[in-house]
Student: 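Can you keep this structure in mind? I'll have questions shortly.
Fair warning: this is a prediction, and the values are worked out from it, not measured in the lab. Starting from 1, each residue takes its place in the sequence as its number. Basis for what follows: all heavy atoms, side chains included, without hydrogens, waters or symmetry-related copies.
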Amino acid sequence: MHEGVSIMSDKPGLQEPAGSPPIGAPDRNLALELARVTEAAAMGAARWIGRGNKEAADRAAVDAMRLMLDTVAMDGVVVIGEGEKDEAPMLYNGEQVGNGQPPQVDVAVDPLEGTRLTARGMPNAIAVVAVAERGTMFFPGAAVYMDKIAAGPVIADVIDIEAPPAENVRRAAKAKGVDPEDVAVVVLDRDRHEGLISDLREVGAKVFLITDGDVAPSIAAAQEGTGVDLLMGVGGTPEGVISAAALKCLGGGMQGKLWPRNDQERQALLDTGYDVDKVLTTDELVAGQDVFVSATGVTSGALLRGVRYTEGGAVTESIVMRSRSGTVRRVEAQHAFEKLMKFSKIEYR
């Protein structure tokens, strides 16, 4: 076990190595180191806000994230990479990241969640990374999409992905002590959600349609003051795993079901042992008990403020969290480009 870095065992009688913190004392919070990773990715992408080039924005975010990930004291393997679906630049599944020191961890990344949002200068683009104990993150295989429902702590125990949308809205309203008309649901604006949107509006819920990026709304559903109560609908499976990691830290919950796009994809999943009818819970999507998540705003939205440029630098806002302690921090950082670029190859401007 590396000094002060452990994802510590709770087994009785375990002797900690010399120099390690006593059992029960705080050890190093990887999420704080990961904040530097998502900050770099966000600032890399921010140079491309509104410029209409989502590939360039994604590439800038990936390059910055990869460079900074290798400075983090961990032995990481990317199990949820980005870009395969869109043939974009990627941190690929199986890539080794970190400096090779313990702990051994699974890493889920989305260097730029909302490439199109960034290219069009639209809200809610973020850079996000999640880390958990090795072997504890769900690997989606051929499943590109997942049907999801996500909620915060007050609602998480009453939702049911197999119940009708209207029923989930009524349950959420009852749990919060409000009327269904006061429940706000985020849904990706896709043709496949026409029936879902109609059902939600019929029960009186407020439906917020988004063009891309459902990780930020999933996290926002578990945060007070964001105006988001639920996320529903079919979105990316990798994004579902990252969202589950964040919700585990926040005390919220997610349920998901794999959503094959066609018979060929369904058969491929069945052939590799996946149960496409199974409801996947938060703990099945991320089974680890020591989960770290960091997200930094690229463009401003309900969850985070985006990158703001200053004379000679920028200001970023991040949310960093850890499941084991339940600690959630908001970090506003001021960056001086002239100093950063003396020891970093990242193009910040």
Student: Nearest 0.5 Å, what's the CG-CG distance between Leu258 and Leu280?
Tutor: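 Answer rounded to 0.5 Å: 5.5 Å.
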
Student: Does Val97 reach the side chain of Met74, with side-chain heavy atoms less than 4.5 Å apart?
Tutor: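 Yes, close enough: below the 4.5 Å cut-off.
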
Student: With Thr211, which residues qualify under side-chain hydrogen bond (donor to acceptor under 3.5 Å, both in side chains), at least two apart?
Tutor: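 Per chain and number, Thr211 pairs via side-chain hydrogen bond (donor to acceptor under 3.5 Å, both in side chains) with no residue.
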
Student: Please write out which residues are connected to Val228 in a hydrophobic cluster, directly or through intermediates, given that two of Ile, Leu, Val, Met, Phe, Trp, Tyr count as joined at side-chain heavy-atom separations below 4.5 angstrom.
Tutor: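 Its cluster mates, by chain and number, are Val186, Leu188, Phe208, Ile210, Leu231.
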
Student: Output all residues satisfying side-chain hydrogen bond (donor to acceptor under 3.5 Å, both in side chains) with Glu181, sequence neighbours left out; order by chain, then residue number.
Tutor: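 Partners of Glu181 by the side-chain hydrogen bond (donor to acceptor under 3.5 Å, both in side chains) criterion come out as none, since no residue qualifies.
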
Student: Could you tell me which residues satisfy side-chain hydrogen bond (donor to acceptor under 3.5 Å, both in side chains) with Asp182, sequence neighbours excluded, listed by chain and number?
Tutor: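 Result, side-chain hydrogen bond (donor to acceptor under 3.5 Å, both in side chains) vs Asp182: none returned.
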
Student: Taking only residues at least two apart or on different chains, which pairs with a member in residues 141-150 satisfy salt bridge (charged side-chain N to carboxylate O under 4.0 Å, His left out)?
Tutor: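 Every pair satisfying salt bridge (charged side-chain N to carboxylate O under 4.0 Å, His left out) with a residue in residues 141-150: Lys148-Asp214.
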
Student: Which hydrophobic side chains are connected to Val331, either touching it within the sub-4.5 Å cutoff or through other members that do?
Tutor: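 Leu32, Val320, which link up through side-chain heavy atoms under 4.5 Å apart, make up the rest of the cluster.
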
Student: Flag the pair Met65 / Thr38 as yes when at least one side-chain heavy-atom distance between them is below 4.5 Å, and no otherwise.
Tutor: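 They are in contact (side-chain heavy atoms under 4.5 Å apart), so the answer is yes.
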
Student: Compare every heavy atom of Thr299 with every heavy atom of Pro123, then report the nearest pair and how far apart it is.
Tutor: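 Answer, listing the atom of Pro123 first, then Thr299: C-OG1, 3.4 Å.
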
Student: side-chain hydrogen bond (donor to acceptor under 3.5 Å, both in side chains) with His193: which residues, sequence neighbours excluded?
Tutor: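 For His193 there are no side-chain hydrogen bond (donor to acceptor under 3.5 Å, both in side chains) partners, ignoring immediate neighbours.
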
Student: For Glu332, give me all partners under side chain to side chain contact (heavy atoms under 4.5 Å, CB included), at least two apart in sequence or on another chain.
Tutor: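 Expected list: Arg308, Val315.
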
Student: With a 4.5 Å cut-off on side-chain heavy atoms, are Leu285 and Met146 touching?
Tutor: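 They are in side-chain contact.
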
Student: According to the salt bridge (charged side-chain N to carboxylate O under 4.0 Å, His left out) rule, which pairs have a member within residues 151-166, sequence neighbours left out?
Tutor: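 Listed by first then second residue: Glu162-Lys257.
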
Student: How close do Leu247 and Ala150 get, counting heavy atoms only, and between which atoms?
Tutor: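 So the minimum-distance heavy-atom pair works out to CD1-CB, 3.8 Å.
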
Student: Once you round to the nearest 0.5 Å, how far does CD1 of Ile126 lie from CG of Leu303?
Tutor: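 The CD1 atom of Ile126 sits 6.5 Å away from the CG atom of Leu303.
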
Student: Taking a hydrophobic cluster as the set of Ile, Leu, Val, Met, Phe, Trp and Tyr residues connected by side-chain heavy atoms closer than 4.5 Å, whether directly or through intermediates, do Val279 and Phe138 fall within one such cluster?
Tutor: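 No, it is not one cluster - the side chains of Val279 and Phe138 are not joined through contacts under 4.5 Å.
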
Student: Which distance, rounded to the nearest 0.5 Å, do you find between the CD1 of Ile219 and the CG of Asn124?
Tutor: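 Here the interatomic distance stands at 10.5 Å.
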
Student: Nearest heavy-atom pair of Asp106 and Gly135: which atoms, and what distance?
Tutor: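 Heavy atoms only, the tightest pair is OD2-N, 2.9 Å.
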
Student: Once side chain to side chain contact (heavy atoms under 4.5 Å, CB included) is applied, do any residues pair with Ala42, and if so which ones, sequence neighbours excluded?
Tutor: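 Only Ala127, Thr296, Val298, Val307 meet the side chain to side chain contact (heavy atoms under 4.5 Å, CB included) criterion with Ala42.
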
Student: Anything under 3.5 Å between a donor and an acceptor, one on a side chain of residues 169-180, the other on a protein residue two or more places apart or in another chain? List them.
Tutor:
{"from": "Arg171", "atom 1": "NE", "to": "Glu167", "atom 2": "OE2", "distance (Å)": "3.0"}
{"from": "Arg171", "atom 1": "NH1", "to": "Val158", "atom 2": "O", "distance (Å)": "3.1"}
{"from": "Lys176", "atom 1": "NZ", "to": "Asp229", "atom 2": "OD1", "distance (Å)": "2.5"}

Student: Tell me, yes or no, whether the heavy-atom count around Arg116 atom CZ, taken from other residues, nucleotides or ligands under 6.0 Å, exceeds 12.
Tutor: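 Counting other residues, nucleotides and ligands, CZ of Arg116 exceeds 12 neighbours.
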
Student: Measure the shortest side-chain to side-chain distance between Val185 and Leu196 over non-hydrogen atoms and say whether it is less than 4.5 angstrom.
Tutor: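 A side-chain contact under 4.5 Å is absent here.
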
Student: For residues 184-209, which residue pairs pass the salt bridge (charged side-chain N to carboxylate O under 4.0 Å, His left out) check, not counting sequence neighbours?
Tutor: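 For residues 184-209: Arg190-Asp212.
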
Student: To the nearest 0.5 Å, tell me how far Gln255 CD sits from Met232 CE.
Tutor: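 It is 10.5 Å, given to the nearest 0.5 Å.
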
Student: Quick one: are Asp283 and Lys248 in side-chain contact, heavy atoms under 4.5 Å?
Tutor: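 With C-beta onward as the side chain, the pair touches.
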
Student: Should we say atom CG of Asp263 is surrounded by more than 12 heavy atoms from elsewhere, each under 6.0 Å from it?
Tutor: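 Counting other residues, nucleotides and ligands, CG of Asp263 stays at 12 neighbours or fewer.
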
Student: Quick check: do Val105 and Phe292 have side-chain heavy atoms less than 4.5 Å from each other?
Tutor: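 When only atoms from C-beta onward are counted, Phe292 and Val105 do not touch, as no gap falls below 4.5 Å.
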
Student: Should Arg66 and Asp70 count as an ion pair when the cut-off is N to O under 4.0 Å?
Tutor: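 Not counted as a salt bridge, because no side-chain N and carboxylate O are separated by less than 4.0 Å.
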
Student: Show the nearest heavy-atom pair for residues Pro260 and Leu269, with the distance to one decimal.
Tutor: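 That closest heavy-atom pairing would be CG-CD1, 4.0 Å.
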
Student: What distance do Glu113 atom CD and Ser243 atom OG have between them, rounded to the nearest 0.5 Å?
Tutor: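 Rounded to the nearest 0.5 Å, the CD-OG separation comes out at 7.0 Å.
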
Student: Please name the pair of heavy atoms, one in Ile159 and one in Gly253, separated by the smallest distance, quoted to 0.1 Å.
Tutor: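 Ile159 and Gly253 have their closest heavy atoms at CD1-O, 4.4 Å.
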
Student: Heavy atoms, side chains only, cut-off 4.5 Å: are Leu304 and Thr316 in contact?
Tutor: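 Side-chain contact under 4.5 Å: no.
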
Student: Would you name the heavy atoms of Phe337 and Ala314 that are closest together and state the gap between them?
Tutor: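 That would be CZ-CB, 3.6 Å.
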
Student: Between Arg59 and Trp48, is any pair of side-chain heavy atoms under 4.5 Å apart?
Tutor: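 Contact flag for Arg59/Trp48 side chains = no.
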
